[in-house]
Amino acid sequence: QVQLVESEGGLVQAGGSLRLSCAASGRTFSAMGWFRQAPGKEREFVATVAWRHGIPSYADSVRGRFIIFINNAKNTVYLQMNTLEPEDTAVYYCAADEGGWGSRSVLDYEYWGQGTQVTVSS
């Protein structure tokens, strides 16, 4: 059974940092991604990385502030979020892709975590 278990998010002040993790089990994936969804908005791409080469890709809104990285031994993907802004407030989801190289489209990910709330206060 495939499981993606995310760590808890939290409340942080603007300018602060937070790290999310997502532990994958049940099968092998080719790429992992992080997406987020704010109230009243569509789910949007944040970052992705392929297991094989580890080269990340970021949305313009988070590039230079967020870092996605993987721990192969633990089958876990992390999202280190720095210099957080109120606009980063959303529910964050990790996602797993069985056969891609790291897509920015929600349609390319077959499995999803439960989502975790991140709130950034101004």
Side-chain angles (χ1 to χ4, degrees):
Q1 182 180 357
V2 173
Q3 281 192 312
L4 300 179
V5 180
E6 299 179 31
S7 59
E8 286 191 13
L11 172 64
V12 63
Q13 287 188 332
S17 297
L18 194 64
R19 178 179 291 184
L20 303 178
S21 67
C22 175
S25 63
R27 68 180 304 149
T28 301
F29 300 106
S30 62
M32 300 291 291
W34 286 96
F35 292 77
R36 66 187 182 186
Q37 189 166 17
K41 294 188 176 181
E42 293 186 352
R43 193 168 298 188
E44 66 173 6
F45 167 75
V46 175
T48 185
V49 63
W51 287 105
R52 281 168 283 188
H53 54 60
I55 299 174
S57 177
Y58 299 96
D60 290 343
S61 58
V62 307
R63 186 177 294 112
R65 300 188 298 120
F66 290 12
I67 302 170
I68 185 172
F69 61 99
I70 55 179
N71 182 322
N72 283 294
K74 294 184 178 181
N75 263 8
T76 299
V77 62
Y78 300 87
L79 185 68
Q80 176 67 42
M81 303 183 291
N82 301 317
T83 321
L84 282 160
E85 304 169 352
E87 292 74 22
D88 296 317
T89 295
V91 176
Y92 283 71
Y93 298 89
C94 74
D97 182 0
E98 292 181 306
W101 288 87
S103 169
R104 294 172 173 240
S105 172
V106 297
L107 300 178
D108 290 330
Y109 292 83
E110 292 83 9
Y111 302 96
W112 292 83
Q114 76 276 17
T116 188
Q117 177 70 47
V118 172
T119 303
V120 184
S121 63
S122 56

- Query: Going through the checks in order, is the side chain to side chain contact (heavy atoms under 4.5 Å, CB included) test met by L4 and M32?
  - Reply: CA-CA 10 Å; L4 300 179; M32 300 291 291; 4.0 Å; yes

- Query: What heavy-atom pair brings D108 and S103 nearest, and what distance separates the two atoms?
  - Reply: OD2-OG, 2.6 Å

- Query: Is F45 isolated, or which residues cluster with it under the ILVMFWY side-chain rule of less than 4.5 Å, directly or via members?
  - Reply: F35, V91, Y93, V106, L107, Y109, W112

- Query: Are the side chain of T48 and the backbone N or O of S57 linked by a donor-acceptor pair below 3.5 Å?
  - Reply: no

- Note on the structure: When every non-hydrogen atom of N71 is compared with those of W51, the smallest separation belongs to O-CZ3, 4.2 Å

- Task: Could you check M81 against D88 for side chain to side chain contact (heavy atoms under 4.5 Å, CB included), going step by step and ending with a plain yes or no?
- Result: CA-CA 9 Å; M81 303 183 291; D88 296 317; over 6 Å; no

- Message: Name the residue from E87, E6, E44 that meets the salt bridge (Lys or Arg N to Asp or Glu O under 4.0 Å) definition with R36.
- Response: E44

- S61 versus R65, closest heavy-atom pair with distance: O-NH2, 2.9 Å

Atom pairs and distances, side-chain donor-acceptor, residues 10-25, under 3.5 Å, sequence neighbours left out:
| from | atom 1 | to | atom 2 | distance (Å) |
| --- | --- | --- | --- | --- |
| S17 | OG | N82 | OD1 | 3.0 |
| R19 | NE | Q80 | OE1 | 2.7 |
| R19 | NH2 | Q80 | OE1 | 3.2 |
| S21 | OG | S7 | OG | 3.4 |

- Can you check whether Y58's main-chain N or O pairs, donor with acceptor, with R104's side chain at less than 3.5 Å? yes

- Message: Is there a side chain to side chain contact (heavy atoms under 4.5 Å, CB included) between F69 and V49? Walk through the geometry before answering.
- Response: CA-CA 7 Å; F69 61 99; V49 63; over 6 Å; no

- Task: Keeping the roles fixed (side chain from S30, backbone from G100), state whether a donor-acceptor pair exists under 3.5 Å.
- Result: yes

- Item | Transitive ILVMFWY side-chain link V46 to W101, under 4.5 Å | no

- Task: If you link ILVMFWY side chains whenever their heavy atoms are less than 4.5 Å apart, which other residues fall into the same cluster as V5? By chain and number, please.
- Result: none

- E110 vs F29, side chain to side chain contact (heavy atoms under 4.5 Å, CB included): CA-CA, chis, key distance, verdict: CA-CA 10 Å; E110 292 83 9; F29 300 106; 5.9 Å; no

- Atom CD of Q117 and atom CD of Q37: how far apart are they, to the nearest 0.5 Å? 11.0 Å

